[in-house]
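Some notes on the structure that comes next.
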Amino acid sequence: MTTKQYVCIVCPMSCSIELTDDSGVLTVKGNTCKRGEEYAKNEYTDPKRMITTTVGLRGSRLRCLPVISRKAVPKKLLRDCMKQLYATVVDAPVRQGDVIVANILGTGVDIIAARSITL
Amino acid sequence: MNTLSYDIAVIGGGPAGLAAAVKARELGMDRILLVERDYELGGILQQCIHDGFGLLRFKKQLSGCQYAQKFIDLVAEGGIDVLCDTMVLELTDDRRIYAVSAQEGLLEIRAQAVILAMGCRERTRSQVSIMGSRPAGVLTAGSVQRYINMEGYLPGKKAVILGSGDIGLIMARRMTLEGIEVEGVYEVMSSLGGLRRNKVQCLDDYGISLHLSTTVTKIHGNKRVEAVTVALVGSDGKPVRETERVIPCDLLVLSVGLIPENELSRKAGVQLHPVTRGPVVDDTMMTSIPGVFAAGNVVAVFDLVDYVSRSGEIAAQGAVDFIRRQSARGNMVDTVAGSNVGFVLPQRVNADCGGKEINLYLRVRKPMKDVRAEIVCNGKILKSTRYGVANPPEMIALRFVPDGPLDGPLTVDVR
């Protein structure tokens, strides 16, 4: 039996969660909502994180366009995703929600523009 | 000088100002003006590219920019007048605003109601009194954030962060991802300054060390930061000489707190609160000057943007009611920060608020477990809410609807 302690990062409550693995049966306690249970189980089996960074931007007074992943991606792929995004440059104008990189590294997750840039 | 006339003038186009303007429009106000000193709306949200915004309001993890975009789009759809690149120089106690912009020159804006939404400013090196020379490379976390996320500059190669507030933690991760080596985060207090979730996802994920009860005692270098000296602090809060060590670095990032930006309010004669350092407000967010309202971080530093937007909407409702004279301000009762409570917002509520929802925001003084937050009026408990943990960095929001008039001050205790 394995026991793990987690601090939930889903919302600002930052619940302290305890996960117990009893030969494959995962029990979660300390969470105050369903998302916390899901987070702890994910964290134990395949931790995921959102990607938020910037890509290069041409044709605007700003030099960077903030981007965000539609969903969390496996934590172990985070650095490789970032590497690909560093090499990405887009042209203004951009609408919030525009797909900047589709299906990044085959994760099935799109990277989208986090804001509109008109100038 | 050009003179403009509006129903409601909002000073500041960040989350509080945006929400206030949008809400005022929703409530049927025609002539609304939003004044912003930056060249675009959104305020600090535009440099907050990380996610975690809007969970309460939109039930989604948005980035700061995405959260701002929703309101910016609503401002545009509502046809609300916006003056960007415009700096407000003065507000008078009869609601005249003097502002200046390169395009318009000097402007006088008259409004029936004014909403202050200037936000807050970061504390700087001079406010934490660090000894040493004054080289380049000492920056606030927010400046580093703007350089990296909007301007596209990396302001150093190896950083030490002083202060474990949320912006400092967020920037520890951001700098690491951008290839700046983060040596560690140093916090003078004995507990974390920011939210615990941010320690997990920003420090622990990247193996960045957190040093509690430790501070920077000296900055070395003449033209550029070359190193900093850190030391443990004793129980008296003073650095312990024998524990000093020198850390080579070229960037010192300060995340040492925020101060509401109230130069305009002070000059206008708005009464300020010694603890929050923002205007004293009532349950409609009206300040001590009739018709002048305040919302968001100019009132007190909130930790969630959802609360900031909410306060903007309350201020907008208050301003609209003030203009339409719907709310004769009756008897007011004070709110009192009771046991273990640092402050309560708002500082006054209408005593005849039976049936109307009241939103109270408070911070506890010290970390506690298994507590109850109780709102007490004249010995009677009006609301009691249980919390597993209560931490000073995590603001407590209480909503309640009194069933009748309040016959005395509202005291909030946490124990």
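Keep in mind that what you see is a predicted model, and the values were worked out from it rather than measured. Chain identifiers are assigned alphabetically (A, B, ...) following the order of the sequence lines, protein sequences preceding nucleic acid strands; residue numbering begins at 1 within each chain.
More than 12 heavy atoms of other shown residues, nucleotides or ligands fall within 6.0 angstrom of atom CE in B:Met395. Heavy atoms of other residues, nucleotides or ligands lying less than 6.0 angstrom from OH of B:Tyr147 number 12 at most. Within a 6.0 Å sphere centred on CZ of B:Arg37, heavy atoms belonging to other residues, nucleotides or ligands number 12 at most. Few gaps surround CD on A:Gln5; more than 12 heavy atoms of other groups in view lie less than 6.0 Å from it.
When atom types are taken as modelled, the side chain of A:Ser14 and the backbone of B:Arg197 share a donor-acceptor pair closer than 3.5 angstrom.
Judged by distance alone, the side chains of B:Ser63 and A:Arg115 never bring a donor and an acceptor atom under 3.5 Å apart.
For B:Asp204, no part lies under 4.5 angstrom from a heavy atom of chain A. In this structure, the portion of B:Gln69 lying under 4.5 Å from any heavy atom of chain A is its side chain and not its backbone. Only the side chain of A:Leu78 has a heavy atom closer than 4.5 Å to any heavy atom of chain B. Proximity to chain B (any heavy atom under 4.5 Å) is shown, for A:Leu65, by neither the backbone nor the side chain. At a 4.5 Å heavy-atom cutoff, B:Gln47 makes no contact with chain A through either its backbone or its side chain. Only the side chain of A:Tyr86 comes within contact range of chain B, with heavy atoms under 4.5 Å apart. Within the 4.5 angstrom heavy-atom criterion, atoms from both the backbone and the side chain of A:Thr53 approach chain B. Of the two parts of A:Arg70, neither the backbone nor the side chain holds a non-hydrogen atom closer than 4.5 Å to a non-hydrogen atom of chain B. For B:Tyr206, the part sitting under 4.5 Å from any heavy atom of chain A is the side chain, from C-beta outward, and nothing else.
A:Gln96 contributes atom CD, which lies 7.0 Å from atom NZ of B:Lys70 (distance to the nearest 0.5 angstrom). One finds the CD1 atom of A:Ile9 at 4.0 Å from the CD atom of B:Gln201 (value rounded to the nearest 0.5 Å). For the atom pair B:Glu40 CD and A:Thr118 OG1, the distance stands at 8.5 Å (nearest 0.5 Å). We find the CZ-CD distance between A:Arg35 and B:Gln61 to be 8.0 Å, quoted to the nearest 0.5 Å.
Nearest heavy atom pair, residue B:Val200 against residue A:Val7, reads CG2-CB, 3.4 Å.
Chain B forms the most heavy-atom pairs under 4.5 Å with one residue out of A:Ser16, A:Pro66, A:Ala114, and that residue is A:Ala114. Counting heavy-atom pairs closer than 4.5 Å to chain A, the top residue among B:Ile148, B:Ile72, B:Leu62, B:Leu177 is B:Leu177. Among the candidates A:Thr32, A:Val67, A:Val10, A:Ile51, the residue making the largest number of heavy-atom pairs closer than 4.5 Å to chain B is A:Val10. In terms of heavy-atom pairs under 4.5 angstrom with chain A, the leader among B:Cys65, B:Gly388, B:Gly152 is B:Cys65. Top candidate by heavy-atom pairs under 4.5 Å with chain A, chosen from B:Arg173, B:Glu394, B:Arg174, is B:Arg174.
Side-chain contact between B:Gln46 and A:Leu62: absent, with no pair of heavy atoms (C-beta onward) separated by less than 4.5 Å.
Geometrically, A:Arg63 engages B:Tyr153 in a cation-pi contact defined by less than 6.0 Å to the ring centre and at most 45° from the axis.
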